[in-house]
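Lettering of chains follows the sequences in order, A, B, ..., and the numbering in each one begins at 1. From a predicted model like this one, the values you see are computed outputs, not experimental measurements.
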Number of protein chains: 2
Amino acid sequence: MERKQIQEQRIRGYFVQAAKDILRSEGLKGISVRNVAQNAGYSYATLYNYFSDIRFLVFECVRDFQEECDTFIAERVEGAAPGIERLRAISKAYLDYFVEYPGIFELFYLEKMSAYGNSKETAELIYSYLDKLCENDWTVYSVKTKISDELIDKLKDQLRYTLIGLLLFYLNRHYPGTYEEFIERSEKQLAYIWD
Amino acid sequence: MERKQIQEQRIRGYFVQAAKDILRSEGLKGISVRNVAQNAGYSYATLYNYFSDIRFLVFECVRDFQEECDTFIAERVEGAAPGIERLRAISKAYLDYFVEYPGIFELFYLEKMSAYGNSKETAELIYSYLDKLCENDWTVYSVKTKISDELIDKLKDQLRYTLIGLLLFYLNRHYPGTYEEFIERSEKQLAYIWD
DNA sequence: AAATATAATTAACACTGTTAATATTTCCAA
DNA sequence: TTGGAAATATTAACAGTGTTAATTATATTT
């Protein structure tokens, strides 16, 4: 790799890091070209030397945030038995992650994507993320219960929509109004899916 | 009612109508103070004589759009037998409405609410809207199947999250990529819920 | 008709994303 | 090492945004 490319990657990295920090702490409303560039240590127009537009930059953060979420979840499901027990724990941790970082939830699911770049690839990454998190445990569950692959696919989708629906109403519509009720509702709904 | 109030309501109505027209045709990206006011026939700053902010105005449109959606759905489910058959038809029509008006979907579920006004009330209106649409048919279904009220509540939530999840991914993440696949997926998921 | 109150509009401002023009830095050949 | 070309970073500029204050126009009251 040439020095030029090292430098380019380095500077892109400053911008990505700045964007991620803002997204984590303030969500998308904190994102502006000037704010990100200021935090990256460059003039705002420099951003366009490296990214097609501001939206492209924020969606570049998705992969990193998925890795962070992996870590977050791994710490919380440690010790859970593979299969149903671990699926429950992953689901709970997934909810916790987005409740803690609502700005990232917004990025993953709500914000319009850039007209540039690999939107299709990013969309698929986002769509299938939960499946990847739970991949092994679905397999264990499937083998144990002897449920058909077709039905497992449906359960996967039901889990996805349920978790995202719960988060969407809680984070975006403050419904239910309290965290306690949110947790209670999520537990009931998840119990319905498995049981 | 005094003449002054009649006039106030009339002018508010112009703004609401303008906002609704823009939302229907262009979605939230077409909404700006200047664009709405232009279409209402007033200067942009006049809007603040009647509404706390632009966001308050667009959320004032929710009730009207729910009534429009009622009409849209009623036309499409005519003739369906009360109960499961009608629940299926309502679900399908609900998806169709938002596919036709993605801007309204965004307003209902994605856009941040105003700091002013009855956000809580609007949130509840949005949350419970699907339940209202299906109220009679859930009752018929419950009586026919003898399913407990508790389980019916869970089914209601499952239906809500599934429909919104399907729409969210399709409209916001273009996943699946084709309308045909979207329909196929929705039919499979809905079949899973009822069957 | 004049004074007062109210409503509508214009001016202004701080902010936004993006692009063009300019300045600075880096690279390369002599 | 130096000078010129190329690349990169920055500043200037622009059109647009939401909101508020100042001004103007209209309606109401005396």
When rounded to whole Å, the OH to P distance for the pair Tyr14(B) and dA8(C) reads 11 Å
Please report the distance, rounded to the nearest Å, between NZ in Lys4(A) and P in dT25(C). 19 Å
Write down the distance between CG (Leu47(A)) and C1' (dG17(C)), rounded to a whole number of angstrom. 10 Å
Verify whether the ring centers belonging to Phe182(B) and Phe169(B) lie closer than 6.0 Å. no
Is atom CD of Gln38(B) surrounded by more than 12 heavy atoms (other residues, nucleotides or ligands) closer than 6.0 Å? no
Roughly, in whole Å, what's the span from NZ in Lys29(A) to P in dG17(C)? 15 Å
Compute both the distance and the angle, then confirm whether Arg76(B) meets the cation-pi test with Phe72(B): under 6.0 Å from the six-membered ring centre, within 45 degrees of the axis. yes
note: Asn49(A), atom CG; dT25(C), atom P; distance rounded to Å ~ 16 Å
Side-chain ion pair, Asp157(B) and Arg185(A), N-O less than 4.0 Å: yes
Gln7(A) CD to dC27(C) C1', straight-line distance once rounded to whole Å: 14 Å
Ring centres under 6.0 angstrom apart (Tyr170(A), Tyr175(A)): no
For DNA chain D, what residues of residues 30-45 of chain B have any heavy atom nearer than 4.0 Å? Ile31(B), Ser32(B), Val33(B), Arg34(B), Tyr44(B), Ala45(B)
Between Tyr50(B) (OH) and dA8(C) (C1'), how many Å, whole number? 8 Å
When you look at Arg86(B) and Asp137(B), which way does the salt bridge (Lys or Arg N to Asp or Glu O under 4.0 Å) test go after all the steps? CA-CA 7 Å; Arg86(B) 200 174 147 92; Asp137(B) 301 289; 3.0 Å; yes
At 4.0 Å (heavy atoms only), tell me whether Phe51(B) reaches a base, stays on the sugar-phosphate, or touches nothing. nothing
Provide the start and end nucleotides, 5' to 3', of the part of DNA chain D that has atoms under 4.0 Å from heavy atoms of chain A. dT8(D) to dA13(D)
Indicate yes or no for a side-chain donor-acceptor contact from Ser148(B) to the backbone of Leu151(B) under 3.5 Å, with no hydrogens or angles considered. yes
Could you tell me whether Lys132(B) and Asp70(B) make a salt bridge, using a distance below 4.0 angstrom between a side-chain N and a carboxylate O? no
Under 6.0 Å between ring centres: does that hold for Phe105(B) and Tyr101(B)? no
What is the nucleic acid contact for Ile11(B), judged by heavy atoms within less than 4.0 Å: base, sugar-phosphate only, or nothing? sugar-phosphate
